[in-house]
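Here is the naming used below: chain letters follow the sequence lines, and residue numbers restart at 1 for every chain. What you are looking at is a predicted structure, and each value in this text was computed from that prediction instead of being measured.
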Amino acid sequence: MVTQKPAIPKGTRDFGPAIMVRRNYILETIKKTYQQFGYLPLETPALENISVLTGNYGDEGDQLLFKILNSGDFLSKVDKADIDQGYKKLLPKISNKGLKYDLTVPFARFVAMNRHEINFPFKRYQIQPVWRADNPQMGRYREFYQCDADVIGSESLICEAEIISLINQILNQLGIHDFILKMNHRSILAGISEEIGAPDKVAVLCVAIDKLEKIGQEKVSRELEAKGFTPNSITRLFEILEVSGTNQEILSKLSQLLKKSTPGTEGLKAIQQIFAYADNLVIGDHRVQFDPSLARGLSYYTGAIFEVQVNNQEIGSIGGGGRYDDLTSIFGLPGVSGVGFSFGVDRVYDVMEKLQLFPEFQNTQSQVLVTIFDDTTVIHALQIVRELRKQGLTVEIFPDTVKLKKQLNHAHKKSIPFVIILGPDEIANNQLTLKNMATGHQTSQDLNTTVNLINSTQSK
RNA sequence: GUGGAUGUAGCUCAGUAGGUUAGAGCACCAGAUUGUGGUUCUGGGGGUCGCCGGUUCGAGGCCGGUCUUCCACCCCA
């Protein structure tokens, strides 16, 4: 037999029990809060038709899609000419499925497919892995989980305020307090673009100013210059972006600067309204920061955009989202606006690990390990396990008849707090020997007393 | 996709200008302790030095390719 070194593909990970307990804690917290806000669960396949996926994430996104080869002889419909035309022409002939890249587009597909059964506004949450053929780095994986919550079929800005509230509640529960929720509006970006005299270059502008915080004003200027922005418009741009102060101060200064721009004025009004709603909805301080330089990549956003960043953590954003006015139109359902948000659990995990925010999870381990003394005591041990479980204890049995030393060592390594020793002496006296692993102390008594002893020590 | 760094035992790492049977700590297993874990002591197992090829009398160390991981770009959760 040819053996191979076990390995998993680049950018993917196994999650062992210790990690899963913590991941589940995050997922459960998110799920519970989503449900508390009225979002209902949805799952969609890992695979989508490639036509559903392409064209929604920009050229970059299409590059990062995992495509799946057609089954069987995937070359049967391909001839030399196809190959000579390059991979872009070849691709549709050899692949008609792909792994989903995010949860929003499959959601839009679902909504379009089920439009007659859905009551709008429709709120759903979805917690599933997505795949991107990106080059892995810190906090960046090829398979990772997203936790989306979206409302579709309402243009009300209350939906945006709800999302602000949702994010605050979840992060507070997870113990992540040192974060900011950055917010901007695509119309404001369009307004800025108009104001600096480059209305047709919003997309390029967005990509550039999104990096402002990371690479600084000088490098951004140079990049814009290279993209054909005039020195005048660049100067004007930074006059706008330099505006600082409280959210209200920035908003009022910007409305002066952008007063000639219709989309700019509308965007600012929307942000103002969202803040007004959020002030009355969010429990405590909502930690929203209006940031005109926030751009975000995904091309389907049209309204408000959000991004959550944890302060002093170089991991990028742990979540983001925004409003999309027309996502379902490519599936034949125009005029349905939606807004959504997504947490990246993997990054939330990394941050919580670094900040040591995970609680101890003692409830996930067994309370007692029942040992098997020798072949003659197996049946008794099984019966004891049955009775202890009947009484509600979390109990496991060491399945092999090996030295007590080994069984105790197993309990020690798994941090199981109690061990029951059941040898011929105990069986003869109808007693159980209970060893407290922390103190090393052990006593013998009947079953009910043993259960009480375990329960009383546990509850302390 | 582009560029840079990295890869030696399960883990963290040594390994001097290429030169015998590649080391340590931790972890693991066994015994001291035949009804008892954590400490201690004694002993033991485990490496085709990421993979493939090349140079050389000889390669863990040099060269080429490839894969992994990390970093930067790109982009993003």
>> Give me syn or anti for B:G61, where syn covers glycosidic angles within 90 degrees of 0.
In response: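 For B:G61, whose glycosidic angle is within 90° of 0, the conformation is syn.
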> How would you list, by chain and number, every residue that makes a side chain to side chain donor-acceptor pair (under 3.5 Å) with A:Gln146, sequence neighbours excluded?
Replying inline: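 Side chain to side chain donor-acceptor pair (under 3.5 Å) list for A:Gln146, sorted by chain: empty.
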>> List the residues meeting side chain to side chain donor-acceptor pair (under 3.5 Å) with A:Asp325, not counting sequence neighbours, and say none if there are none.
In response: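 Only A:Thr302, A:Ser337 meet the side chain to side chain donor-acceptor pair (under 3.5 Å) criterion with A:Asp325.
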> With A:Ser51, which residues qualify under side-chain contact (heavy atoms from CB on, under 4.5 Å), at least two apart?
Replying inline: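 By the side-chain contact (heavy atoms from CB on, under 4.5 Å) rule, A:Ser51 matches A:Asn49.
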>> Going by side-chain contact (heavy atoms from CB on, under 4.5 Å), name the residues that satisfy it together with A:Leu47, two or more places apart in sequence or in a different chain.
In response: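 Here the qualifying residues are A:Ile68, A:Lys97, A:Leu99.
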For [X], which residues count as a ring pair (Phe, Tyr, Trp, His ring centres under 6.0 Å) partner, sequence neighbours excluded?
X        : value
A:Phe66  : none
A:Tyr145 : none
A:Tyr349 : A:Phe358
A:His410 : A:Phe398

>> What does the B/S/- profile of nucleotides 29-38 of chain B look like, 5' to 3', with a 4.0 Å heavy-atom cutoff to protein?
In response: S-S---BBBB
Between the protein and nucleotides 39-44 of chain B, list every N/O to N/O distance that falls short of 3.5 Å.
none

[X] near the nucleic acid: base, sugar-phosphate alone, or nothing, with a heavy-atom cut-off under 4.0 Å?
X        : answer
A:Lys219 : nothing
A:Val345 : nothing
A:Gly11  : sugar-phosphate
A:Ser342 : nothing

> A:Lys211 has an atom NZ; how far is it from atom P of B:C73, in whole Å?
Replying inline: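 Taking NZ of A:Lys211 and P of B:C73, I get 9 Å after rounding.
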> In whole angstroms, how far is the P atom of B:G1 from the CG atom of A:Leu65?
Replying inline: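 Checked: the CG to P distance equals 14 Å.
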Polar atom pairs (N or O), protein with nucleotides 70-72 of chain B, under 3.5 Å:
residue, atom, partner, partner atom, Å
B:C71, OP2, A:Met138, N, 2.5
B:A72, OP2, A:Gln137, OE1, 2.9
B:A72, N7, A:Gln137, NE2, 3.4

> Taking the six-membered ring of A:Phe229, is the NZ or CZ of A:Lys201 close enough (under 6.0 Å from the centre) and on axis enough (within 45°)?
Replying inline: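 Yes - A:Lys201 lies over the ring of A:Phe229, closer than 6.0 Å to its centre and within 45° of its axis.
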> Under the 6.0 Å and 45° cation-pi test, does A:Arg287 pair with A:Phe179?
Replying inline: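 Yes.
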> Quick one: is B:A77 close enough that its OP1 or OP2 comes under 4.0 Å of any side-chain N or O from A:Arg296?
Replying inline: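 Yes.
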>> Show me the dot-bracket string of RNA chain B, counting Watson-Crick or G-U pairs under 3.5 Å, with | for pairs to another strand and [ ] for crossing ones.
In response: (((((.(..((((.....[...)))).(((((.......))))).....(((((..]....)))))).)))))....
